[in-house]
**Student:** 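Please see the structure below; I have some questions.
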Amino acid sequence: MLAALHDALAPLGMALRGGFVPESGDTVPLLGDGSATRAVLLIGNIGGAMWPAFADSDARAHDAEHPLDNWTRDALDPVAARFAAKVVYPSDGPPYHPFQRWAARAEPVHVSPLRIFIHPTYGLWHAYRAAFLLADDPGLPVPMQARSPCISCAARPCLSTCPVGAFSETGFDDRTCARHVDSPAGTECRERGCLARRACPVGREYSYPPAQMAFHMEAFLALRR
Ligand code: B12
């Protein structure tokens, strides 16, 4: 089943990011018939692999208010149905499903100083697009273990690069960030992606193409304007 799912996701530029057997603190929803979920599979994008599939998709998605969310649903709802999974999305809510908590159960990701999760190979260039909830464990592999690459990063350029100091040890000041990105001084961040995120030395070869960077920054601004 996992190999067939991998094949179904590949044309969408998405990947199976791992999975886990839910425990009581995981706040995983019940299945449609009210029974317990026995396995959660996380689906996501790694690097820019998903961008061509989305960018070349039809106009309906691009005209809508949340084009990537709509395209993702259109693409993944039928895949979930094919694998008899209930599907939930990161944008469902609020309240939101705890995708980052689930991610940490499924693969070796850790909280970075920027608060988004860092992967030892893909760095900050990955995201979660859906979770498939299953009635049976499909034989999940044991998640790989790896320390956070941030532990051995003495320079922490991510924390010193933001022109308006939006990141600190205490959190991310999204309003200060949005004000800057929306101003003439924020052109570099707006058009080529967050400078702090781009300063991270881990997984640079997975960084998103410029068009995807600009798309995500615009979507962030639209939420914060
Ligand atoms: C709301 C939201 C935002 C809001 C945040 C508002 C706010 N201040 O709360 C805004 C619009 C600002 C935002 C911005 C961005 N977001 Co956002 N966002 C979300 C969303 C939809 C919900 C987050 C949430 O409230 N979850 C509810 C809580 C309960 O979930 P949780 O998993 O249990 O949360 C745990 C972790 O957050 C963790 N945690 C977080 N910080 C820390 C710090 C420490 C020290 C520790 C120990 C734990 C910890 O602990 C929490 C409790 O277990 C998630 C998707 C989702 N459903 O999770 C994306 C999500 C978190 N965002 C994501 C991204 C990529 C971004 C942006 C980079 C997008 C962009 N290009 O602009 C920016 C930058 C964010 C940043 N640098 O911090 C990704 C992160 C992927 C990753 N690699 O981790 C997610 C998962 C969406 C996705 N599709 O993958 N986001």
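Remember, predicted model here, so these are calculated numbers, not experimental data. These numbers come from the heavy atoms of this one structure, side chains and all, not from hydrogens, waters or symmetry mates. We count ligands from 1, going down the list as the structure has it; atoms in each ligand are counted the same way.
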**Student:** For Phe54 and Phe215, I'd like to know if the aromatic rings sit close, meaning centre-to-centre distance below 6.0 Å.
**Tutor:** yes

**Student:** Indicate the ring-plane relationship of Trp102 and Phe99, choosing parallel, tilted or perpendicular according to the 30° and 60° boundaries.
**Tutor:** tilted

**Student:** Who pairs with Ser207 by side chain to side chain contact (heavy atoms under 4.5 Å, CB included), at least two apart in sequence or on another chain?
**Tutor:** Trp125, Met213

**Student:** Is the count of non-hydrogen atoms from other residues, nucleotides or ligands lying under 6.0 Å from Gln145 atom CD greater than 12?
**Tutor:** no

**Student:** Near ligand 1, which protein residues have a heavy atom under 4.0 Å away?
**Tutor:** Pro90, Tyr96, His97, Pro98, Phe99, Gln100, Arg101, Val111, Leu114, Arg115, Ile116, Phe117, His126, Ala127, Tyr128, Arg129, Phe167, Phe172, Asp174, Arg197, His216, Phe220, Leu223, Arg224

**Student:** Kindly write out the residues that satisfy side chain to side chain contact (heavy atoms under 4.5 Å, CB included) with Ser24, not counting sequence neighbours, or none if the list is empty.
**Tutor:** none

**Student:** Filter on ring pair (Phe, Tyr, Trp, His ring centres under 6.0 Å), then keep only pairs touching residues 169-199, sequence neighbours left out; what's left?
**Tutor:** Phe167-Phe172

